[in-house]
Protein chains: 2
Amino acid sequence: MSDREDSQVRLDAGEAEETLGYKLRLAQILAFRGFEQRLTDCGRAPRYLGLLSVIRAHPGQPQSRIAEAVALSRSSFVTILDQLSAEGLIERRPSDFDRRVNGIWLTPQGEALVARLMEEAQRYEAEMTRGMSDEEIACGLRVLQKLIDNLS
Amino acid sequence: MSDREDSQVRLDAGEAEETLGYKLRLAQILAFRGFEQRLTDCGRAPRYLGLLSVIRAHPGQPQSRIAEAVALSRSSFVTILDQLSAEGLIERRPSDFDRRVNGIWLTPQGEALVARLMEEAQRYEAEMTRGMSDEEIACGLRVLQKLIDNLS
DNA sequence: GCAGAACTGTTCGATGTAAAACAAAATCTC
DNA sequence: GAGATTTTGTTTTACATCGAACAGTTCTGC
């Protein structure tokens, strides 16, 4: 008697249910949204934590380089950096070698907030992956990396 | 001498590089964008293929149910269905049992296009996963599903 | 050297999505 | 049954992202 469609579980996607593409999208939306909603009192940093982590790992890189790393357009990036800059998290400094480029750095406040949010992200990651073995998680990471490589 | 930052490879995200959250987002953006850009002559169906596949698997379900399945808000969904309807791919029919709800069906044209695009998606999937073993892909699917379950 | 091409950050206009508010309909509670 | 609550689809408003166009800078090929 469970062929009724009115149960509480999410409707499956039929044929698409067996594809990485479909699940990838769904998982990403849910993960991203959940993380952002749990940290509503930290300004825009939670939303842009990935990007900030790239800046932290590669201080002084030009905008376009960082935008490309996180698959955002240069034009979107301008506004985002304006916001992060207004919140005192990052700093644009003109390059000495190429007068077109701005190098991007984290401010000390930015550094501190990113450090704290990365801990938060690790906790969130643990919740997301509860019930999974370490090998399973490692396999997931490897698969995602290969997808990224193949799609780049 | 490879500690210069000016190589062509994507900048890594430092600490975040080891997290599923970061890679998930990147992979999803690249996968989605790539698929959509390869099918610019099919209207809005490529972008909304997942959603259409849900409709195909569960014809006649109310809008809100399908929106929830693909993690879209009800309000966004209105516009999307307007577009898909204008392209003749889906049809809204008022329910006989509940006069608030519209049931959603694929039209014959919609059915045909979705069938064709699903083949396209399988090809794309194969490109995305080239160099991966079947077990690896299966593991990726399983990990994503567990993420979705944990996040729902 | 120099003219054309390519690159960088930016602005502007268009599109996609979400949240809040709403009306109509169903459901619940007593 | 009547009134309150919830649900459904919708409209409105705000915001995030993108592509195209632009000006300033650098690079390339000759």
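It should be emphasised that the depicted structure is a prediction, and the values quoted were computed from it without experimental measurement. Numbered from 1 within each chain, the chains take letters A, B, ... in sequence-line order.
In terms of hydrophobic clustering, with Ile, Leu, Val, Met, Phe, Trp and Tyr side chains grouped at heavy-atom distances under 4.5 Å, A:Val143 and A:Met132 are assigned to a common cluster.
Contact between the side-chain N/O atoms of A:Arg65 and the OP1/OP2 oxygens of C:dC7 is not found at any separation under 4.0 Å. OP1 or OP2 of D:dT10 sits under 4.0 Å from a side-chain N or O of B:Gln63.
Of the possible donor and acceptor atoms, none in the side chain of B:Ser76 sits under 3.5 Å from a partner among the backbone N and O of B:Leu72.
With B:Tyr124 as the aromatic partner, B:Arg38 does not meet the cation-pi criteria of under 6.0 angstrom to the ring centre and within 45 degrees of the ring axis.
When rounded to the nearest whole Å, the span between CG of B:Leu81 and C1' of C:dG16 equals 14 Å. To the nearest angstrom, C1' of C:dT17 lies 15 Å from CG of B:Leu84. Rounded to whole Å, the distance from CD on B:Glu68 to P on D:dT6 is 17 Å. Computed from coordinates, the B:Asn102 CG to D:dT7 P distance equals 18 Å when rounded to whole Å. Atom CD1 of A:Ile66 is separated from atom P of C:dT8 by 12 Å (rounded to the nearest Å). At whole-Å resolution of the value, CG in A:Leu30 and P in C:dT17 are 15 Å apart. At whole-Å resolution of the value, CD in B:Gln83 and P in C:dT17 are 8 Å apart.
Shown are B:Ile148, B:Asn150, B:Leu151, B:Thr19; of these, the side-chain contact (heavy atoms from CB on, under 4.5 Å) with A:Met128 is made only by B:Leu151.
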* Structure fact -> For nucleotides 17-27 of chain D, 5' to 3', base contacts (B), sugar-phosphate-only contacts (S) and non-contacts (-) with protein non-hydrogen atoms under 4.0 Å give SBBB---BBS-

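Salt-bridge annotation for A:Glu136 and B:Lys146: present, with a side-chain N of the basic residue lying under 4.0 Å from a carboxylate O of the acidic one.
Residue-level contact check: A:Val101 touches the backbone only, with heavy atoms under 4.0 Å from sugar-phosphate atoms and none from bases.
Between the side chains of A:Ser152 and B:Arg10, at least one donor N or O lies within less than 3.5 Å of an accepting N or O.
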